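Inspection log for the structure reproduced underneath, given as structure tokens.
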Protein chains: 2
Amino acid sequence: MEAFRRTCVEKGLAVTHQRQAIYRALISMPEHPAPESVYEVVRSEIPTISLGTVYKNIKTFLNAGLLRAVTLHHESLRLDANVEHHYHLVCTRCKSITDLPADDLEPIQFRRTPPRGFRVQNYSLEVHGLCAACAAS
Amino acid sequence: MEAFRRTCVEKGLAVTHQRQAIYRALISMPEHPAPESVYEVVRSEIPTISLGTVYKNIKTFLNAGLLRAVTLHHESLRLDANVEHHYHLVCTRCKSITDLPADDLEPIQFRRTPPRGFRVQNYSLEVHGLCAACAAS
DNA sequence: CTATTATAGGATAATTATTATCGACTGTCC
DNA sequence: GGACAGTCGATAATAATTATCCTATAATAG
Ligand SMILES: [Mn+2]
Ligand SMILES: [Mn+2]
Ligand SMILES: [Zn+2]
Ligand SMILES: [Zn+2]
């Protein structure tokens with residue numbers, strides 16, 4: 001929480017009551033919540049906060065690196081007619097997605113059995129970075 | 001394309017002009033397009049097709065396993081206040097996301113250099129399957 | 001500690017992506 | 001070729017997210 005305030009100051013962000021409550025809610029939620037759920041939790045502390053404020057600050061925190069999104073491409077459904085097992089290269093800048101054959105990597109190997117009785121079906125792996133075009137600029 | 005028709009028959013889906021055009025568009029688009037882009041392409045062949053039909057059939061194809069979505073959780077932004085490098089267990093049924101420490105797996109290793117001048121920044125790995133609760137039912 | 005000011009918050013409207021509805025049409029089966 | 005279930009197209013509805021705009025507050029200078 002102290003680190004949070006420090007980062008805000010570094011990035012020129014005002015350390016408001018709302019921002020602290022939102023960040024506190026986020027670190028208390030290990031379930032990878034959607035903005036709506038964060039809003040519910042924050043509202044129990046600040047009943048007058050608006051959903052827009054929660055969205056705005058989540059975006060601010062994402063830019064500041066205080067927070068991560070679980071997926072880079074939630075904004076729209078992205079489709080793949082190739083149903084064979086393969087991976088993806090995803091450009092963090094232009095969001096382009098290209099195929100990466102599974103055997104370009106060593107096979108994924110568990111070191112210990114997956115926790116809490118999780119029954120594994122398959123893996124999806126994305127290599128994030130800059131595509132050739134974006135790397136040029 | 002023949003396999004497509006066969007799968008439709010197996011799943012009791014009518015092999016319509018529109019479905020074939022949509023599927024043909026999809027396999028011709030290796031860029032992992034959004035529904036809107038698929039619509040644009042299909043429209044050049046069937047100018048009167050509606051966007052709703054494209055959406056409906058994409059959903060149908062996903063259910064039939066003719067098509068995959070690049071991510072399991074595009075429907076809403078999912079947030080992670082843990083910015084350390086780690087992976088995720090994702091339940092394909094209830095969409096719950098839980099953390100998986102990076103050292104529960106052998107490190108990811110490239111066998112050959114990533115294609116087309118892609119500059120790797122990092123990677124994200126999701127293990128898909130059924131959580132304990134969903135596996136029980 | 002107070003005044004000043006830039007930034008942030010709250011209410012609300014707007015936009016975007018997606019899904020539902022419903023009457024008309026067409027692929028399938030005989 | 002006709003009957004019928006399933007599908008299509010048009011449109012409305014919903015859900016998620018973003019923009020707008022005016023007021024309030026955190027930062028900071030005196
Ligand atoms: Mn692919
Ligand atoms: Mn996580
Ligand atoms: Zn790029
Ligand atoms: Zn589950």
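Predicted, not measured: the structure shown is a model, and the values here were computed from it. Naming convention: chains lettered A, B, ... in sequence-line order (proteins, then strands); numbering from 1 in each chain.
With 3.5 Å as the limit, one finds no donor-acceptor pair spanning the side chains of B:His73 and A:His32. Between the side chains of A:Tyr23 and A:Arg19, not a single donor N or O lies within less than 3.5 Å of an accepting N or O. A:His88 and A:Asp99 share a donor-acceptor pair across their side chains, judged by distance under 3.5 Å alone. In this model, no donor atom of one side chain and acceptor atom of the other lie less than 3.5 Å apart for B:Ser96 and A:Glu31.
We find that CD of B:Glu45 is positioned 14 Å from P of D:dC8, with the value rounded to whole Å. Whole-Å rounding puts the B:Ile58 CD1 to D:dT7 C1' distance at 16 Å. In this structure, the CZ atom of B:Arg19 is 12 Å from the C1' atom of D:dA5, given to the nearest Å. Counting to the nearest Å, the P atom of C:dT7 and the CG atom of A:Asn57 are 15 Å from each other. In this structure, B:Ile49 atom CD1 and D:dT11 atom C1' are separated by 16 Å, rounded to whole Å. Per the geometry, CZ belonging to A:Arg43 stands 16 Å off C1' belonging to C:dG9, to the nearest Å. With rounding to whole Å, B:Gln20 atom CD is found 8 Å from C:dT28 atom P.
For B:His85 and B:Tyr123, the ring centers are positioned less than 6.0 Å apart.
A close approach under 4.0 Å does occur between a side-chain nitrogen or oxygen of B:Thr53 and OP1 or OP2 of D:dG9.
Looking only at distances, a side-chain donor or acceptor of A:Thr7 sits under 3.5 Å from a matching main-chain atom of A:Ala3.
Between the two ends of the helix from C:dC1-D:dG30 to C:dC30-D:dG1, each summarised by a five-pair axis, the helix axis turns through 40° (rounded to 10 degrees).
In the hydrophobic clustering of ILVMFWY residues, with side-chain heavy atoms under 4.5 Å counting as a link, B:Phe61 and B:Leu51 come out together.
Ionic pairing of B:Arg111 and A:Asp104 is not present here: no N-O contact between side-chain nitrogen and carboxylate oxygen is shorter than 4.0 angstrom.
Residue pairs meeting the salt bridge (charged side-chain N to carboxylate O under 4.0 Å, His left out) criterion with at least one member in residues 66-93 of chain A, sequence neighbours excluded: A:Glu75-A:Lys95.
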Next item on the list: Do nucleotides 15-30 of chain D as a string where each nucleotide becomes B, S or -: B if the base has a protein heavy atom under 4.0 Å, S if just the sugar-phosphate does, - if no protein is that close.
Entry: -SSB-------SS---
